[in-house]
Amino acid sequence: MDTSGKTIKCKAAVIWEVGRPLSIEEVEVAPPKSHEVRIKIIATGICGTDGHVLTGSFPKVEYPVIPGHEGAGIVESIGEGVTGVKPGDKVIPLCLPQCGECSSCLKANTNCCLKTHLYEPQNLMPDKTSRFTCKGKQIHHFLWISTFSEYTVMPDSTVVKIDAAVPLDKACLFGCGFSTGYGAALNTAQVMPGSTCAVFGLGGVGLSVVMGCKAAGASRIIGVDINKEKFVKAKELGATECLNPQDHEKPIQEVLVEMTGHGVDYAFEAVGCLDTLRAALASCHLGCGVCVMVGVPPLGSQLAFDPMLLLTGRTLKGSFIGGWKMKDSIPQLVTSYMEKKFNLDALITHTLPFSKITEGFDLLHAGKSIRIVLVF
Ligand code: PAD
Ligand code: ZN
Ligand code: ZN
């Protein structure tokens with residue numbers, strides 16, 4: 001049946017208000033307008049960030065909202081003026097746009113397109129209307145891409161075509177978790193061969209940092225997590241040792257400094273917590289250690305730490321989606337995956353039907369999963 005130009009009814013997961021659980025609803029998805037694309041989502045991962053949307057700790061979200069930002073799908077129809085993709089193309093929705101025109105897009109050293117939600121909200125399409133309705137109410141978009149819906153509409157600056165041979169139930173992880181962690185090591189830290197790294201938080205993002213450190217040739221990769229069940233996979237993916245802070249009387253930064261002599265060359269925070277961020281910074285080598293912040297901190301929080309840590313030459317950097325200019329980089333990462341340059345599949349511990357999304361979040365919160373992929 002040709003659906004182009006028509007409203008499509010499908011299943012989506014809606015958060016009606018902060019603190020309310022996800023509810024699976026039938027939604028109406030309007031056709032794409034000019035410079036917009038409607039996509040049939042085939043698979044979507046659950047990222048720690050979607051959990052922040054449920055609790056209201058992700059900035060600038062408006063409710064009711066359809067979250068989800070780690071998806072892969074097939075273009076169903078396109079609006080006027082779209083040139084980069086066509087119906088039938090396999091695509092990844094981009095949670096960080098690459099408009100190609102703003103001052104950030106024109107600079108080589110940043111991926112923070114000025115169309116990012118941190119700069120202007122992405123709760124409605126650029127024309128300030130929504131393509132989603134449910135029970136007569138307008139539902140907001142999330143990061144413009146809302147992948148927890150079987151059909152979703154997004155601007156053409158937030159979608160990229162990928163190799164038709166790639167399985168979409170794996171490729172969805174390029175939309176956020178894998179790219180974020182892997183790029184934090186390769187692009188943001190630019191880990192040097194032979195170096196020592198510490199990775200705080202061994203979820204999907206932290207384990208992708210571990211893979212990036214390994215790919216960059218780090219000789220020592222120390223995983224840090226309070227859930228020791230994460231250690232098996234961390235070691236499989238490249239961690240040389242793992243530490244549980246709860247097994248030590250001393251603060252973990254002191255343990256790391258002692259273990260390494262003078263601290264680590266690179267420390268990554270992939271938890272989203274200020275205490276672990278301070279610990280990661282304090283575990284860096286005097287004079288040259290680099291701490292990369294990847295986890296999203298609690299909304300409205302302020303960071304306090306001993307400024308002498310920086311005065312003496314350590315660096316604190318943030319990494320947004322691994323520093324990748326997503327439109328340029330995701331197709332290349334997909335090609336590297338097809339060439340088996342990294343083990344993305346190892347991150348997927350569960351593949352569930354979309355209807356089990358709540359079970360998926362329960363597994364994530366109970367620490368029983370790395371990445372859960374939901375399939376429509
Ligand atoms: P996750 O919940 O799968 O992993 C978090 C891990 O941290 C778990 O293994 C926890 O056991 C562990 N942990 C919790 N507390 C501590 C602690 N005190 N010390 C050590 N480990 C601890 O989440 P994820 O891997 O999907 O995401 C991790 C963070 O990265 C989260 O804050 C998410 O919002 C953020 C993120 N940032 C970007 C970005 O562009 N910067 C992109 C995607 C996700
Ligand atoms: Zn831009
Ligand atoms: Zn994410």
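Note that ligands are numbered from 1 as they come in the structure, with each ligand's atoms numbered from 1 the same way.
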Inset, instruction - Please say whether Gly48 places an N or O atom under 3.5 Å from an N or O atom belonging to ligand 1. - result: yes
Looking only at protein heavy atoms, what sits closest to atom 12 (C) of ligand 1 is Asp225 OD2, 3.2 Å
Per-atom filter on ligand 1: closer than 4.0 angstrom to a heavy atom of Gly201 are 6 (C), 7 (O), 21 (N)
Residue, atom and distance of the protein heavy atom nearest atom 24 (P) of ligand 1 read Val205 CG2, 3.8 Å
closest protein heavy atom to atom 38 (C) of ligand 1 is Thr180 CG2, 3.5 Å
**OP:** Report the C-alpha separation of Arg131 and Thr129 in whole Å, then their side-chain angles, then the decisive distance to 0.1 Å, and conclude whether the side-chain hydrogen bond (donor to acceptor under 3.5 Å, both in side chains) test is met.
**Re:** CA-CA 7 Å; Arg131 302 292 160 268; Thr129 60; 2.8 Å; yes
Original post:
Going through the distances and angles, do Ser77 and Ser4 end up as a side-chain hydrogen bond (donor to acceptor under 3.5 Å, both in side chains)?
Top reply: CA-CA 6 Å; Ser77 62; Ser4 65; 5.8 Å; no
Between Cys105 atom SG and Cys113 atom SG, the angle centred on the Zn ion (ligand 2) rounds (to 10°) to 110°
- Message: Please verify the inter-ring angle class for His141 with Phe132; under 30° counts as parallel, over 60° as perpendicular, anything in between as tilted.
- Response: tilted
Looking only at protein heavy atoms, what sits closest to atom 5 (C) of ligand 1 is Ala270 O, 4.0 Å
>> Taking 2.8 Å as the cut-off, does Cys95 contribute an N, O or S atom near the Zn ion (ligand 3), distance below it?
In response: no
Between His69 atom NE2 and Cys47 atom SG, the angle centred on the Zn ion (ligand 3) rounds (to 10°) to 110°
Point to revise | Any donor-acceptor N/O pair, Trp144 side chain to Pro155 backbone, under 3.5 Å | key: no
message = I want to know if ligand 1 touches Pro245 in the polar sense, i.e. an N/O pair below 3.5 angstrom.
response = no
Here the atoms of ligand 1 under 4.0 Å from any heavy atom belonging to Leu202 are 6 (C), 9 (O)
In this structure, CG of Leu202 is separated from NZ of Lys228 (nearest 0.5 Å) by 14.0 Å
Quiz prompt | Close N or O approach (Cys176, ligand 1; < 3.5 Å) | solution = no
Counting from 1 in the order shown, the ligand 1 atoms closer than 4.0 Å to a non-hydrogen atom of Thr276 are 17 (C), 18 (N), 19 (N)
Would you check whether Gly204 reaches within less than 4.0 Å of ligand 1, judged by its heavy atoms? yes
message = Between Glu70 and Gly177 (side chain of the first, backbone of the second, donor and acceptor by atom type, cut-off under 3.5 Å), is there such a pair?
response = yes
If you scan protein heavy atoms around atom 3 (O) of ligand 1, the nearest is Gly203 CA, 3.5 Å
Practice item. Compare all side-chain heavy atoms of Arg278 with those of Gln253 and state whether any distance is below 4.5 angstrom. Key: no
Counting heavy atoms under 4.0 Å, the part of Arg371 that contacts ligand 1 is side chain
Work out whether the distance between some heavy atom of Phe320 and some atom of ligand 1 is less than 4.0 Å. yes
Can the ring centres of Phe342 and Tyr182 be said to be less than 6.0 Å apart? yes
Just wondering, more than 12 heavy atoms not from His248 lying within 6.0 Å of its NE2?
yes
Notebook entry, point to check: Taking Arg314 for the side chain and Leu309 for the main chain, is one N or O donor matched with an acceptor at less than 3.5 Å?
Noted result: yes
Honestly, for Ile321 the part within reach of ligand 1 (heavy atoms, under 4.0 Å) is both
Exercise for the section: Specify whether His69 and Phe142 have parallel, tilted or perpendicular ring planes, treating 30° as the upper limit for parallel and 60° as the lower limit for perpendicular. Expected result: perpendicular
Atoms of ligand 1 under 4.0 Å from any heavy atom of Asn227, numbered from 1 in the order shown, are 11 (O)
task: Check whether any N or O atom of His52, backbone or side chain, sits under 3.5 Å from an N or O atom of ligand 1, and answer yes or no.
output: yes
Next item on the list: May I ask whether Cys47 has any heavy atom positioned less than 4.0 angstrom from an atom of ligand 1?
Entry: yes
Per-atom filter on ligand 1: closer than 4.0 angstrom to a heavy atom of Gly295 are 29 (C), 30 (O), 32 (O), 35 (C)
If I apply the N/O under 3.5 Å rule, does Gly206 come out as touching ligand 1?
no
- Item | Val61 vs His140 side-chain heavy atoms within contact, under 4.5 Å | no
What do you reckon, does Leu96 put a non-hydrogen atom under 4.0 Å from ligand 1? no
min-distance protein heavy atom vs atom 37 (N) of ligand 1 -> Val294 O, 3.0 Å
Tell me whether Lys60 contacts the main-chain N or O of Leu118 through its side chain, where contact means a donor paired with an acceptor under 3.5 Å.
yes
Within 4.0 Å of some non-hydrogen atom of Ser319, the atoms of ligand 1 are 39 (C), 40 (O), 41 (N)
Next item on the list: Would you check if Val29 and Thr7 make a side-chain contact, meaning some heavy-atom pair closer than 4.5 Å?
Entry: no
Next item on the list: Kindly confirm or rule out an N or O of Val296 lying under 3.5 angstrom from an N or O of ligand 1.
Entry: yes
At under 4.0 Å between heavy atoms, what of Leu207 touches ligand 1? The answer is neither
When rounded to the nearest 0.5 Å, the distance separating CG of Leu256 from NE2 of His262 is 14.5 Å
Taken to the nearest 0.5 Å, the spacing of Thr152 OG1 from Glu36 CD works out to 10.5 Å
If you scan protein heavy atoms around atom 14 (C) of ligand 1, the nearest is Val271 CG1, 3.6 Å
Just wondering, do Cys242 and Asp225 contact through their side chains at under 4.5 Å, heavy atoms?
no
for atom 2 (O) of ligand 1, nearest protein heavy atom and its distance come out as Leu364 CD1, 4.1 Å
Under 4.0 Å from one or more heavy atoms of Thr49, ligand 1 contributes atoms 33 (C), 34 (O), 36 (C), 43 (C), 44 (C)
State whether the shortest distance between N or O atoms of Lys230 and N or O atoms of ligand 1 falls below 3.5 angstrom. yes
Are the ring centres of Phe178 and Tyr337 closer than 6.0 Å?
no
